[in-house]
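What's counted below: heavy atoms across the whole structure, side chains too, no hydrogens, waters or symmetry copies. Reminder, nothing fancy here: chain letters follow the sequence lines and each chain counts from 1.
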2 protein chains.
Amino acid sequence: MGRKRTKPDKIRLTEVAKLAGVSPITASRFFRNPAALSVGKRVRVESAAKELGYVPNLAARALASQRTEVVGVLIPSLTNNVFSDVLRGIYDTLDGSRYSIQLANTRYSIFQEEKLLRLFLAQKPAGLIVTGINQTAESRTILESVDCPIVQIMEIGPAPVDMMIGFSHYDAARAGISHLLEQGYRRIGFLGARMDPRVQRRFEGYQAAMNDAALFDPRRVVTTSTPTSVTLGGTLFADLVAKAPDIEAVFCVNDDLALGALFECQRRHISVPEQMAIMGFNDLEFMASAVPTLTSVRTNRYEMGRDAATMVIEAIEGRRPAQPVVDLGFSVMKRQSSAPRN
Amino acid sequence: MGRKRTKPDKIRLTEVAKLAGVSPITASRFFRNPAALSVGKRVRVESAAKELGYVPNLAARALASQRTEVVGVLIPSLTNNVFSDVLRGIYDTLDGSRYSIQLANTRYSIFQEEKLLRLFLAQKPAGLIVTGINQTAESRTILESVDCPIVQIMEIGPAPVDMMIGFSHYDAARAGISHLLEQGYRRIGFLGARMDPRVQRRFEGYQAAMNDAALFDPRRVVTTSTPTSVTLGGTLFADLVAKAPDIEAVFCVNDDLALGALFECQRRHISVPEQMAIMGFNDLEFMASAVPTLTSVRTNRYEMGRDAATMVIEAIEGRRPAQPVVDLGFSVMKRQSSAPRN
DNA sequence: CAATCTGTTGGTAGCGCTGTCAATATGAGT
DNA sequence: ACTCATATTGACAGCGCTACCAACAGATTG
């Protein structure tokens, strides 16, 4: 025969129901939808649960109801400040709700992403937040077959799987370059690290803006697949200056690189912005604090996380957003490091 | 009567077993402990599972086996770089294992921590990683009653709940101050933000070292409960200089503050280290890259996460570590910003 | 007064998997 | 040939909860 019966000291819903003098199913309803109970029973179940210290068994709940209250979140990096801001937005929103978060880290690999997506499937998530729009064909198929709301974050593009919230990295980079051009800079270099799809699109924005002004020159582009860091910013800047000594300004695909470039300028006694303008991307907190203050393209990362989480919750609960694709935009934060060229 | 029968197109273990020509329980064993099967059945089940695209139902597994393969992780902040390094260590280790991670964010609140701990209970985690040694009495009781391995990270102290990995913030700060004293600095200020328990202990280390040298002066201490930032470093430094204009060196409880202090010095044309020595804490990547390079107390954050994860896994699988409390130490990274005082 | 409706409650069965133990097959030892 | 140990497999029941439907009370309606 089967296993031994449950130890009698374990607190199950049955125990709560017994103490409250109701049927188990009524006790169950207290947790799912208290409004459906009469006031008397509601109070009785509540106090019984408290008295016994009842803790619901989530596995049983998930098995019986065929769904969970877990929102899966897939991001490419835990180290990058950009994602920690997004995550904070997600956690701040979801922590106040009934949903919990399952976070996984793709390490910028779409294959890792595919693997993790499969893993999520086994959990029957209530919703999914995934980074970016470059999934493998296989991942895309999985996402389309999953029966839950999905929000793609960080960028927007054609053909959302479901919902989407982000901004155009192409336009943002382009706007940054336009600013530098307006300030009078012409020989503008490009510093790129990691070169993930979004950075790639920032490069395209840079290239387009420079081409439009008939100023694009590939010798002024320095990129690497290495993960970004402040130190790397210094190294790349040194490479750039070596390749193109006549450079007047540098657009960095993120703020760490920009800070590294600033330090390298200080090391070489190149004055910023007199001899070299610097522009970053994301507008991390320190940019406004550096000396000189550093120009950057601000992205709304916290808001992205917050709104993505709100969108999933709403969609889970049946309230589809009027607008499934949300453009959060960006803004060029003009600071000392891109002062008008004399 | 009960609900409708399962749709026949759903792939359950039963379907796999049927296709493989074995009993469901044998198919189950294939996933739990393939070595227990004969080679023939093993191959048959494996190919059947692949053919049908079987995805196990984790909720059912958890309910039947009364355990999960989830490791709960409680950290106080997602934004702080310090924790992202620790997290990376944890994810790198656990991603390669059968265990998955449930991450929750206490926002530096021990009451939030208590709440989240209760939430974790409902999941019957296989292991737990919690930050620090300052839990509420209630949390402590919960932790002690939970039937799974627990690792406390970030610091070490007396009376571990189970296992512990970290270092002494007191000793680390003390060692930092000793270095400044050795370099000839006497009027050493203290900049502190957030003032969580670990920062508090760094302050105590500072105070003790200064007292030992008969140099402690409360006017040289500036702290705030505000969360840390680079900008805040500048503000606090300005406060410090206002309170104690004769200051020669400043110990910052983290690297963001140190960077902010450096920027503030640049703004005021105070040369570092000639007129002002600066020291940070944690040794984030940018410290070695700043101009001048910034002295800091290096902490082994990635290793802490990695080893904590390893310890939980080992303990879950019955191999208790020989040493339940691990001191990862620290090292003072001596750089330009604390050059010997002339 | 019967018919209908709404609000509240309970009975039953089953979600998909695995722990326990029994059954059977296989090989070794006497 | 027989016993005993070991490897492999299966039957059974049940993990704790909830979906589905039925039932019933009381209110409302014609």
Side-chain angles (χ1 to χ4, degrees), chain A residues 1-45 49 52-69 98 121-124 126, chain B residues 1-18 20-45 48-49 52-69 98 121-124 126:
Chain A
M1 68 229 72
R3 70 193 69 185
K4 299 182 204 91
R5 282 273 10 175
T6 317
K7 288 164 273 161
D9 61 334
K10 215 149 122 209
I11 311 300
R12 304 194 309 290
L13 199 48
T14 316
E15 274 70 50
V16 175
K18 200 163 291 171
L19 181 61
V22 299
S23 71
I25 187 65
T26 301
S28 166
R29 266 191 282 261
F30 169 76
F31 294 101
R32 312 248 94 242
N33 178 19
L37 295 195
S38 63
V39 183
K41 309 243 167 182
R42 200 182 312 165
V43 173
R44 296 237 298 286
V45 175
L52 296 172
Y54 171 68
V55 177
N57 181 319
L58 297 185
R61 181 178 286 178
L63 180 59
S65 67
Q66 296 286 62
R67 61 207 159 70
T68 62
E69 291 178 343
R98 64 198 303 173
L121 272 196
Q123 316 219 27
K124 301 183 188 295
Chain B
M1 67 232 67
R3 72 195 65 185
K4 297 182 205 92
R5 280 276 12 180
T6 318
K7 287 165 272 158
D9 63 333
K10 215 150 123 207
I11 311 298
R12 305 194 308 291
L13 199 49
T14 316
E15 275 69 49
V16 176
K18 200 164 289 171
V22 299
S23 71
I25 187 65
T26 301
S28 165
R29 266 192 281 262
F30 169 75
F31 294 100
R32 311 248 95 241
N33 178 19
L37 295 195
S38 63
V39 182
K41 308 243 167 179
R42 199 183 312 165
V43 174
R44 296 235 300 285
V45 175
L52 295 172
Y54 171 67
V55 177
N57 182 319
L58 297 185
R61 182 178 285 180
L63 180 59
S65 66
Q66 295 287 65
R67 62 207 161 72
T68 63
E69 290 178 343
R98 64 198 303 171
L121 272 195
Q123 316 219 28
K124 300 183 191 297

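The shortest distance between the side-chain N/O atoms of B/Arg12 and the OP1/OP2 oxygens of C/dT18 is not below 4.0 Å. Within the structure, a side-chain polar atom (N or O) of A/Ser28 is placed less than 4.0 Å from OP1 or OP2 of D/dT18. At C/dG16, one or more side-chain N or O atoms of A/Gln66 fall inside 4.0 Å of OP1 or OP2 (strictly under the cut-off).
Atom-to-atom, CZ of B/Arg32 to P of C/dG16 comes out at 18 Å; the value is rounded to the nearest Å. Between the CG atom of B/Leu58 and the C1' atom of D/dC15 there is a distance of 16 Å, rounded to whole Å. The distance between atom CZ of B/Arg61 and atom C1' of D/dG16, rounded to the nearest whole Å, is 18 Å. Here the C1' atom of nucleotide D/dC15 and the CG atom of B/Asn57 are 13 Å apart, to the nearest Å. If you measure from atom CG of A/Leu63 to atom C1' of D/dG14, you get 12 Å, rounded to the nearest angstrom. The nearest whole Å value for the distance from the CD atom in A/Glu15 to the P atom in D/dC17 is 9 Å. We find that CG of B/Leu52 is positioned 15 Å from C1' of C/dG16, with the value rounded to whole Å. Atom-to-atom, NZ of A/Lys124 to P of C/dG16 comes out at 7 Å; the value is rounded to the nearest Å.
Between B/Arg12 and B/Glu15 there is a salt bridge, with a side-chain nitrogen of the basic residue lying less than 4.0 Å from a carboxylate oxygen of the acidic one.
Among all heavy-atom pairs drawn from B/Val16 and B/Ala49, the shortest one is CG1-N, 3.8 Å. Of all the heavy atoms in B/Lys124 and B/Gln66, the pair that sits closest is CD-O, 4.1 Å.
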**Request:** Let me see the working for A/Thr26 and A/Leu37 under side-chain contact (heavy atoms from CB on, under 4.5 Å), right down to the final yes or no.
**Result:** CA-CA 8 Å; A/Thr26 301; A/Leu37 295 195; 3.7 Å; yes
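Contacts of B/Arg42 with the nucleic acid, taken as non-hydrogen atoms under 4.0 Å apart, are absent. Among the protein residues, A/Tyr54 comes within range of the sugar-phosphate backbone only, with heavy atoms under 4.0 Å from sugar or phosphate atoms but none that close to a base.
Note that the OG atom of B/Ser23 and the CZ atom of B/Arg29 stand 6.5 Å from one another [nearest 0.5 Å].
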Short N/O separations, protein against nucleotides 6-9 of chain D, under 3.5 angstrom:
unit_1	atom_1	unit_2	atom_2	d
D/dT9	OP1	B/Ser38	OG	2.7
D/dT9	OP2	B/Ser38	N	3.0

Validation: residues 57-64 of chain A side-chain donor-acceptor distances under 3.5 Å, sequence neighbours left out:
unit_1	atom_1	unit_2	atom_2	d
A/Asn57	OD1	A/Ala59	N	2.9
A/Asn57	OD1	A/Ala60	N	2.9

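A ring-centre distance under 6.0 Å is found for A/Phe31 and A/Tyr54.
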